[in-house]
Chemist: 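First the structure, then my questions, so here it is.
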Amino acid sequence: MALLQRGCALLLTHAHELNRRLFSITAACTAIQKMTRVRVVDNSTLATTPYHRPPRCIHVYNKTGVGKVGDKILLAIRGQKKKALIVGHKMPGPTMSPRFDSNNVVLIEDNGNPTGTRIRVPLPSSLRKREGEFSKVLAIAQKFV
Amino acid sequence: MIVGVVTSADAEVFQVALSRCVSTDGGNGDPPKFQPPPKPVMIDKSKTEASHRRFLSPEFIPPRQRTNPFKFAIERKDMIQRRKIIDIPEFYVGSVLAVVMADVYASGKSNRFVGICTQRSGKGLGATFVLRNIIDGQGVEICYDLYSPRIQQIEVLKFEKRLDDNLMYLRDALPEYSTFDFDMKAMPPPPPGAEVPINQQKVKMKPRPWSKRWERSRFNIKGIQFELYFTEEELTHAKKWDTPWVEYDMLKEYDTSNVEKHIWTEVQRELSK
């Protein structure tokens with residue numbers, strides 16, 4: 001079910017109600033697919049500098065188009081294409097595995113090296129299973145859940 | 001003074017002190033002043049403190065289905081077997097727990113997580129509970145199987161109940177309500193016979209929209225003060241989704257009191273073997 005989620009513009013009509021946010025948020029309980037807005041959690045310049053559009057997934061390197069923890073995706077960030085690794089999503093996974101409140105992603109080069117130098121957000125320990133591929137990403141991670 | 005000692009099947013000793021004053025005139029010719037007999041003192045030592053509150057974990061109660069009760073009986077046998085190995089303490093939604101889980105990929109082979117229990121679901125061996133915490137600004141929820149062999153220790157750090165059975169609304173509440181320190185010290189356990197303390201806290205929410213419309217009656221939430229976030233009109237509009245007839249639906253009734261008694265006696269008997 002690939003719905004094209006349109007990025008909602010700021011709604012200026014009912015802006016006087018202070019209890020509301022000025023944009024709508026789709027009920028995201030799915031894993032990462034095309035057009036999902038993600039949160040980049042490392043400390044690279046691409047991640048930390050603000051931009052008027054949130055980073056979005058444009059391709060999932062997977063047989064199915066749905067990305068779970070440990071899958072590589074292609075991100076559109078600050079007008080550029082960049083590969084990234086999914087390190088946590090809002091969708092509940094297998095029991096005993098953590099479910100995060102945001103779709104977290106770490107920027108990665110084509111050879112698998114991470115772009116940033118530190119990841120402050122906790123990572124799921126199931127990533128350690130693929131120690132060979134993600135050794136450098138796991139090395140810069142600070143906390144595992 | 002006449003002291004009577006009565007023994008019966010239930011109580012160990014009933015001590016009843018009766019006294020009958022032999023009245024004498026004070027010498028004035030007035031009738032003697034009436035002395036009421038002292039109240040009897042009953043000390044019932046048969047009931048120990050632990051049995052004052054009977055707690056049966058909710059996953060023992062079988063759902064109302066057409067499956068053979070034999071299936072639930074053998075499941076209960078396996079659950080009791082597991083409980084003899086690991087102490088699964090009594091806890092409710094709203095208590096803060098620390099769970100140590102065996103993890104091949106974690107350093108030291110085990111993984112400790114502290115969080116508030118937001119929901120308990122599942123029956124039998126598939127019973128689960130979800131712990132929520134906010135670590136380094138990131139909200140994390142882990143759904144644990146109660147009877148999983150990977151669980152090494154479950155410890156209750158704060159034993160209490162909340163106003164609701166399901167605390168999913170904590171996802172839309174301010175982060176301070178879901179943050180619990182990993183090095184939190186365990187609160188002293190309450191006295192064995194006491195009632196479960198209910199935390200009457202009303203939680204402050206982030207600005208709307210929320211992930212679910214918690215104001216609607218199908219969630220039946222008492223832990224949020226909706227007047228702070230909604231106008232009168234919006235609250236009456238939310239009442240449109242009320243289903244007041246569900247309370248009187250006889251087909252949905254499931255009285256578990258008798259079933260609970262049987263299962264409680266069975267569980268206590270098997271655990272003490």
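Chain identifiers are assigned alphabetically (A, B, ...) following the order of the sequence lines, protein sequences preceding nucleic acid strands; residue numbering begins at 1 within each chain.
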Chemist: Under the ring pair (Phe, Tyr, Trp, His ring centres under 6.0 Å) test against B:Phe219, which residue among B:Trp241, B:Tyr169, B:Phe226, B:Trp214 passes?
Modeler: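 Result for ring pair (Phe, Tyr, Trp, His ring centres under 6.0 Å) with B:Phe219: B:Trp214.
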
Chemist: Does any backbone or side-chain atom of B:Arg132 lie under 4.5 Å from a heavy atom of chain A? Answer side chain, backbone, both or neither.
Modeler: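 Answer is side chain: those atoms of B:Arg132 sit under 4.5 Å from chain A.
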
Chemist: State which residue, out of A:Lys136, A:Lys82, A:Lys83, fulfils the side-chain hydrogen bond (donor to acceptor under 3.5 Å, both in side chains) condition with A:Glu109.
Modeler: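 Output: one option passes, namely A:Lys82.
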
Chemist: Heavy-atom pairs under 4.5 Å with chain B are the metric here; pick the option from A:Met96, A:Arg39, A:Glu131 that has the most.
Modeler: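 Looking at each option in turn, the highest pair count goes to A:Met96.
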
Chemist: Need one label for B:Phe113: side chain, backbone, both or neither, based on atoms under 4.5 Å from any heavy atom in chain A.
Modeler: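 Side chain only.
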
Chemist: What part of B:Asp145 gets closer than 4.5 Å to chain A, counting heavy atoms only: side chain, backbone, both or neither?
Modeler: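 Contact with chain A involves both backbone and side-chain atoms of B:Asp145.
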
Chemist: Name the one of B:Phe55, B:Phe129, B:Phe159 that satisfies ring pair (Phe, Tyr, Trp, His ring centres under 6.0 Å) with B:Phe91?
Modeler: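 Result: among B:Phe55, B:Phe129, B:Phe159, B:Phe129 is the only option passing the ring pair (Phe, Tyr, Trp, His ring centres under 6.0 Å) with B:Phe91.
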
Chemist: Please determine whether a side-chain nitrogen of the Lys or Arg among A:Arg99 and A:Asp101 lies less than 4.0 Å from a carboxylate oxygen of the Asp or Glu.
Modeler: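 Yes, this pair counts.
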
Chemist: Check whether A:Thr95 gets within reach of chain B through its side chain, its backbone, both or neither, counting any heavy atom under 4.5 Å.
Modeler: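 Both backbone and side chain.
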
Chemist: Less than 4.0 angstrom from a charged side-chain N to a carboxylate O is my criterion; do B:Arg82 and B:Glu59 meet it?
Modeler: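 B:Glu59 and B:Arg82: not salt-bridged.
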
